[in-house]
Amino acid sequence: MDRKNSHIGDLETHFWEHEIRCPCLKCRRKKVRVSSFLLFKLEMMITIIDQGLDFHKPVIVLSGNRCEEENKRIGGFPGSEHIPDPDGEAADIKVKGITPIKLGLIAEEVGDLRIGIAKWGIHVDVKPPSPSRFWVYIGKKPIYSAKIENESLLKFYKIVMEGK
Ligand SMILES: [Zn+2]
Ligand SMILES: [Zn+2]
């Protein structure tokens with residue numbers, strides 16, 4: 001059931017390099033550099049998600065690493081954590097049957113992650129939460145937690161959704 005069958009760097013993981021790799025043609029043959037701390041945190045999320053299940057629910061990576069050009073092409077934020085420097089430190093993920101906010105709460109439980117809640121899923125990265133630990137994307141525009149509620153993702157999320 002819960003079989004890790006891939007290695008990225010030193011870490012045994014559920015993810016494959018091609019899931020994390022920048023999707024542009026130029027990066028096709030490049031070695032994937034991704035933060036093992038991030039992968040470790042994603043593995044912790046998988047452990048929580050799979051708790052009590054007799055099968056492994058895949059965590060789908062919508063976007064892992066992006067080179068500068070790719071980040072620009074898709075309209076990512078300049079200096080995005082998705083750009084390897086030298087390792088990629090962010091992943092946009094979704095899980096079938098789990099709402100973005102529920103997935104975000106799992107990420108919060110794991111800890112040491114910044115969490116962005118979107119319609120399509122969540123962004124997680126391992127950058128320090130200075131100043132914001134959380135954000136919610138309203139369309140493409142992020143609303144940051146720092147000045148609103150930086151301690152509880154659920155509280156913050158409710159405040160944002162009420163004010164929308
Ligand atoms: Zn690329
Ligand atoms: Zn992202």
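If you're wondering where the values come from, they're calculated on a predicted model, not measured in any experiment. Indexing begins at 1, ligand by ligand and atom by atom, following the structure's order.
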For the Zn ion (ligand 2): the N/O/S atom of H123 at shortest distance: ND1
Between D125 and H82: side-chain donor-acceptor atoms closer than 3.5 Å: no
Where the Zn ion (ligand 2) is the vertex, angle from D92 OD1 to H82 NE2 to 10°: 100°
Salt bridge present between K72 and E69 (N-O < 4.0 angstrom): no
S6 versus E17, side-chain donor and acceptor atoms under 3.5 Å: no
Geometry at the Zn ion (ligand 1) - C22 SG versus C24 SG angle, rounded to 10 degrees: 110°
Ring geometry between H18 and W16 (parallel below 30°, tilted from 30 to 60°, perpendicular above 60°): parallel
Where the Zn ion (ligand 1) is the vertex, angle from C27 SG to C67 SG to 10°: 110°
